[in-house]
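Below, read A as the first sequence line, B as the second, and so on, with proteins coming before strands; counting in each chain starts at 1. Model, not experiment: these values are computed from the prediction.
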There are 2 protein chains.
Amino acid sequence: MNPEAKVPAFPQVAAVAQSGPAHSVDRIMAVAYELFSTRGVRDVGVNELIERSGVAKATFYRHFPSKDSLVFAFLEQRDKQWTMDGILLEARRRGSTPQEQLLAIFDVFGDWFLREDFEACSFVRVMLEMGPAHPLGQASIEYLAKIRGHVQAVAEEAGLVNPEEFARSLLILMKGSVIQAVEGDTLAAERARQMAVWLMEHHRG
Amino acid sequence: MNPEAKVPAFPQVAAVAQSGPAHSVDRIMAVAYELFSTRGVRDVGVNELIERSGVAKATFYRHFPSKDSLVFAFLEQRDKQWTMDGILLEARRRGSTPQEQLLAIFDVFGDWFLREDFEACSFVRVMLEMGPAHPLGQASIEYLAKIRGHVQAVAEEAGLVNPEEFARSLLILMKGSVIQAVEGDTLAAERARQMAVWLMEHHRG
DNA sequence: ACAGGGGGAAAGACCGGTCTGTCTTCCCCC
DNA sequence: GGGGGAAGACAGACCGGTCTTTCCCCCTGT
């Protein structure tokens with residue numbers, strides 16, 4: 001056969017050119033992060049994932065033994081990239097005292113709610129999508145508990161009384177404001193911040 | 001053929017006997033209410049719905065032109081049966097003053113969170129499952145706004161200043177506590193109720 | 001330095017199952 | 001006898017997951 005007849009295909013070189021010489025697993029993760037975070041888990045199929053990342057199906061399943069394992073990896077990256085670097089670290093940067101840093105969470109939320117690609121907290125979304133008994137729901141619950149642990153640590157720095165109770169109450173405000181922002185209430189962060197102020201006053205003793 | 005060979009089948013008569021001589025549409029709605037409210041929308045297929053309600057597929061599609069139309073009907077019934085009668089009316093019954101009635105919402109939530117069949121608020125769940133742009137998500141948002149309207153009306157009865165702002169803040173507490181209850185925090189209602197007390201104090205002028 | 005071999009990756013057929021939705025057949029009852 | 005309903009086959013699409021074929025590239029041995 002004429003070898004030239006087989007050469008011209010390979011549309012995936014375009015995808016490689018777009019995302020650089022990254023390895024397959026990196027491209028898969030980048031596509032998964034975008035699709036899962038904006039559209040949820042169940043709405044995104046494996047076929048779409050491999051098509052958008054320019055990767056063969058066998059390659060996908062060599063790196064991830066199942067779709068669920070990719071979702072686990074996504075949740076972990078979401079925790080690092082979004083929760084830790086995007087929200088908590090940014091909030092610590094904006095406030096000079098632990099009290100200010102706790103309230104700054106809602107300032108970061110306010111900016112986040114205005115973004116066009118804002119969709120919802122992936123952990124809450126996956127927990128509701130898969131149910132709290134599903135392994136993926138369990139993982140989401142653990143990541144939410146991890147956020148609460150960080151809030152509790154800052155509350156302890158601030159010298160608040162009953163920091164665990166404070167953290168649990170603050171996470172009610174965080175989750176509630178996110179849900180309300182999905183509905184279109186972009187000012188939900190300000191309202192939650194005000195309630196956080198009152199909550200903090202009652203935990204100063 | 002021997003006519004007796006055909007008679008003994010009809011397993012749906014058992015279902016009819018269980019749910020009484022109700023019409024097909026009533027049985028479908030009852031099954032849909034149970035399955036959709038406990039497992040969400042996307043996880044429940046039409047085949048399971050018709051099987052559990054002992055109804056033929058053609059009968060299903062004669063009453064509901066599509067699955068989505070059944071979900072619309074479910075959301076409407078959920079609003080009547082759960083939101084109005086289960087939560088708001090019960091809260092009004094428990095409190096003797098409008099202020100008490102507003103706080104009683106979280107007492108009703110506290111009981112609800114302890115139920116075994118508690119899963120989540122169907123409106124929030126469907127909104128996140130389908131997305132806020134989907135017609136079903138839009139309908140869910142409207143029902144959530146309807147709840148806010150009722151809260152606002154009670155706030156006006158209570159003479160609170162800026163009742164709309166109050167209602168939006170209270171719904172943050174309601175949604176946040178529900179999400180946290182899904183995670184397993186059965187005391188989320190008490191925490192939210194305490195923050196509602198502080199919120200109300202600041203809206204008394 | 002060059003030939004050859006082996007592994008990785010792309011393309012995509014294929015599998016069994018499920019999804020929503022349509023249509024046919026038969027039967028029962030009015 | 002006619003309409004409604006049960007039963008279920010069927011269509012067409014999609015799901016997650018497996019496997020085959022083909023190619024390219026890199027690594028190794030000489």
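- Distance check, rounded to the nearest 0.5 Å: CH2 of A:Trp82 to OH of A:Tyr143 gives 13.5 Å.
- The aromatic rings of B:Phe118 and B:Phe113 sit tilted, their planes meeting at an angle between 30° and 60°.
- Shown are A:Val71, A:Leu49, A:Val46, A:Val25; of these, the side-chain contact (heavy atoms from CB on, under 4.5 Å) with A:Phe64 is made only by A:Val25.
- Between B:Lys146 and B:Asp79 a salt bridge is recorded (basic side-chain N to carboxylate O distance below 4.0 Å).
- Checked by distance alone, B:Lys57 brings a side-chain donor or acceptor within 3.5 Å of a matching partner on the base of C:dG21.
- Closest approach to the B:Tyr61 side chain among D:dG17, C:dG21, D:dT20 is made by C:dG21 (side chain taken as heavy atoms from C-beta onward).
- Nucleotide C:dG17 is matched to D:dC14 when pairs are restricted to Watson-Crick or G-U wobble geometry with both distances under 3.5 angstrom.
- Look at CD on A:Glu48: it is 11 Å from P on D:dC14, rounded to the nearest Å.
- Between the CD1 atom of A:Ile28 and the C1' atom of C:dA10 there is a distance of 12 Å, given to the nearest Å.
- Residue B:Lys67 has its side chain nearest to C:dT20 when only D:dA6, C:dT20, C:dA10 are considered.
- The distance from atom CZ of B:Phe60 to atom C1' of C:dG21 is 10 Å, rounded to the nearest whole Å.
- Side chain of A:Arg148 to main chain of A:Arg168: no donor-acceptor pair is present (N/O by atom type, distance under 3.5 Å, no hydrogens or angles).
- Per the geometry, NE2 belonging to A:His63 stands 10 Å off P belonging to C:dG8, to the nearest Å.
- At least one donor-acceptor pair under 3.5 Å links the side chain of A:Glu129 to the backbone N or O of A:Val41.
- With C:dT20, D:dA7, C:dA10 as the candidates, the nucleotide lying closest to the side chain of B:Ala56 is D:dA7.
- Contacts of residues 38-47 of chain A with DNA chain C (heavy atom under 4.0 Å): none.
- Residue A:Arg27 contributes atom CZ, which lies 16 Å from atom P of C:dG8 at whole-angstrom precision.
- In terms of phosphate contacts, B:Arg62 brings no side-chain nitrogen or oxygen within less than 4.0 Å of OP1 or OP2 of D:dG4.
- The side chain of A:Ser24 lies closest to C:dA10, out of C:dT20, C:dA10, D:dA6.
- Rounded to an integer number of Å, the gap from A:Leu136 CG to D:dG16 P is 13 Å.
- Aromatic ring orientation, B:Trp198 versus A:His202: parallel (interplanar angle below 30°, classes split at 30° and 60°).
- Taking atom CG of residue A:Asp68 and atom C1' of nucleotide D:dG17, one finds them 12 Å apart after rounding to whole Å.
- For the pair B:Leu49 CG and D:dG8 P, the interatomic distance rounds to 18 Å; values are reported in whole Å.
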